[in-house]
Asker: 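Structure below; questions to follow.
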Amino acid sequence: MTAKTIAYRTGYSVSAVSRAFRPGASIASDTRATILAVAKELGYSGPTARFSDGFAHPTVALVVGDILNPFYPATIEVMSQILFERGIRMIFHTIPEGKLVDDVLEQVLDYRVDGAIVASAVMSSRLGRACKAARMPVVHYNRIQADRHSNAVCCDNYAGARDVAALFINGGRQRVSFLGGRIDTSTHLERARGLSDALRDAAQDVFATEVGGFQYEAAFGAAERLFQIRPRIDALFCCNDLMALAALDAARRMGVGVPEDVAVVGFDDIPMASWESYRLTTVRQPVRRMLHQAVGMIFDPDSAHGGIRILPGEMRLRATHG
């Protein structure tokens with residue numbers, strides 16, 4: 001079996017076949033996916049096989065788009081434990097600044113792994129089709145993509161946000177506000193919707209809203225603006241823990257008492273949330289269960305049809321909710 005055979009079967013040139021097996025080479029992802037799929041069917045091993053065969057199979061790629069968010073380094077640690085226990089190898093990829101998940105996944109296709117888990121990023125439908133053509137299942141972690149063929153595992157963001165609203169309402173808070181992340185993400189949208197719906201059921205509305213992009217610096221400034229509103233907000237739901245920590249630091253700088261003046265609740269339960277200097281009340285995501293589900297979907301033949309698995313979170317009561 002030679003590159004000429006693959007070229008003949010696919011209708012592409014021998015040069016294109018060669019580029020399809022070379023990481024970083026200039027070639028359309030659809031073309032690459034078709035060539036690799038035919039090569040796999042015929043049992044052809046290209047130049048990258050020497051590299052790929054160095055991995056003990058099965059192998060899973062983990063692609064992370066927001067490595068500065070402490071939630072994802074914690075995810076990587078748990079993921080490595082789960083895969084080690086199952087005898088599965090992991091290749092870890094980060095998405096460099098200014099790049100898209102598509103750019104990274106095209107490299108992942110070169111490595112011919114058994115599947116990929118994509119965290120905090122959304123890929124294009126074009127690349128989704130290319131991954132499917134290459135028979136490489138992709139599971140989105142902590143995000144849901146609007147694609148009926150897409151696989152995803154996430155926490156029940158809507159129910160978690162409703163629990164936060166109930167905590168505020170039961171505590172007598174009247175001016176509940178929301179510090180969102182990125183408005184084009186499913187995590188932001190579902191958490192915002194859960195908070196709003198629960199407040200509306202209690203004859204309240206979201207008092208004020210800001211966005212912090214899921215980042216500390218932007219959230220710090222957004223929290224300062226919220227604390228300057230008069231009458232002052234008396235409860236703040238932050239769309240993730242990193243922004244909640246920024247809000248707590250902003251409150252300290254401005255002399256705002258937590259929880260005396262403002263109750264603050266986050267979402268994720270990152271390791272820093274339990275630190276003595278924060279003691280943040282938050283919704284814990286079932287990270288280990290989510291990752292077990294994601295790995296299972298990669299090796300489940302039915303995952304090719306697409307599916308979304310939503311797991312319940314757990315409220316962690318500490319010192320910031322009142």
Side-chain angles (χ1 to χ4, degrees), residues 29 33 36-37 40 52 55 57-67 69 71-95 100-158 184-190 268 285-313:
S29 59
L36 293 180
K40 182 177 181 180
S52 299
F55 299 116
H57 288 288
T59 305
V60 171
L62 177 62
V63 181
V64 177
D66 189 9
I67 195 64
N69 182 345
F71 177 71
Y72 292 106
T75 291
I76 295 167
E77 180 180 3
V78 175
M79 180 71 171
S80 64
Q81 294 171 357
I82 291 173
L83 294 182
F84 180 81
E85 292 165 1
R86 294 191 176 196
I88 300 171
R89 296 289 180 90
M90 178 176 75
I91 309 174
F92 173 57
H93 298 261
T94 59
I95 302 175
L100 302 174
V101 66
D102 285 26
D103 301 318
V104 175
L105 276 178
E106 286 182 358
Q107 294 182 7
V108 173
L109 282 169
D110 286 329
Y111 300 147
R112 292 182 292 169
V113 297
D114 293 274
I117 297 174
V118 177
S120 187
V122 176
M123 67 181 184
S124 69
S125 0
R126 174 188 61 83
L127 192 63
R129 292 191 298 270
C131 291
K132 185 175 181 181
R135 300 173 187 174
M136 186 186 79
V138 176
V139 180
H140 293 273
Y141 170 84
N142 198 34
R143 290 282 169 86
I144 295 177
Q145 188 162 327
D147 183 342
R148 66 187 181 92
H149 297 297
S150 175
N151 298 308
V153 177
C154 67
C155 180
D156 193 336
N157 296 302
Y158 179 82
D184 61 343
T185 61
S186 61
T187 46
H188 169 99
L189 294 170
E190 285 301 291
D268 286 341
Q285 295 209 54
V287 171
R288 182 169 289 274
R289 289 181 57 208
M290 289 164 62
L291 288 172
H292 270 298
Q293 293 276 344
V295 173
M297 292 176 80
I298 287 176
F299 297 99
D300 179 0
D302 293 334
S303 67
H305 303 297
I308 297 173
R309 300 182 185 179
I310 300 176
L311 305 179

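If you read the sequence from its start, that first residue is 1, and numbering goes on from there.
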Asker: Are side-chain heavy atoms of Y141 and L62 found at a separation under 4.5 Å?
Answerer: no

Asker: Using side-chain heavy atoms (C-beta onward) and a distance below 4.5 Å, is N142 in contact with Y72?
Answerer: yes

Asker: Atom OG1 in T185, atom CD in E190: separation rounded to 0.5 Å?
Answerer: 10.0 Å

Asker: Between P286 and P312, which heavy-atom pair has the shortest distance, and what is it?
Answerer: CG-O, 3.4 Å

Asker: Take atom CZ in F92; do more than 12 heavy atoms of anything else shown fall under 6.0 Å from it?
Answerer: yes

Asker: With side chains defined as the heavy atoms from C-beta onward, is the minimum distance between M136 and V108 less than 4.5 Å?
Answerer: yes

Asker: Are M79 and V60 side-chain neighbours, meaning at least one heavy-atom pair lies under 4.5 Å?
Answerer: yes

Asker: Less than 4.5 Å apart, any side-chain heavy atom of R89 and any of L83?
Answerer: no

Asker: What residues form a side chain to side chain contact (heavy atoms under 4.5 Å, CB included) with R86, not counting sequence neighbours?
Answerer: I82, I88, H292, V295

Asker: Say you draw a straight line from CD of Q285 to CE of M290; how long is it, rounded to the nearest 0.5 Å?
Answerer: 4.5 Å

Asker: Is any side-chain heavy atom of M297 closer than 4.5 Å to a side-chain heavy atom of P137?
Answerer: no

Asker: Under 3.5 Å, side chain of N151 to main-chain N/O of G307, donor-acceptor pair present?
Answerer: yes

Asker: So how far is it from I117 CD1 to Q293 CD, rounded to the nearest 0.5 Å?
Answerer: 11.5 Å

Asker: When V63 is tested against each of T94, I91, V104 for side-chain contact (heavy atoms from CB on, under 4.5 Å), which residue passes?
Answerer: V104

Asker: Under 4.5 Å between any side-chain heavy atoms of I310 and Y158, yes or no?
Answerer: no

Asker: Passes side chain to side chain contact (heavy atoms under 4.5 Å, CB included), F71 versus D66? Steps please.
Answerer: CA-CA 9 Å; F71 177 71; D66 189 9; over 6 Å; no

Asker: Answer yes or no: is there a side-chain heavy-atom contact under 4.5 Å between R289 and C155?
Answerer: no

Asker: How many angstroms lie between CD1 in I144 and OG1 in T187, if you round to the nearest 0.5 Å?
Answerer: 9.5 Å

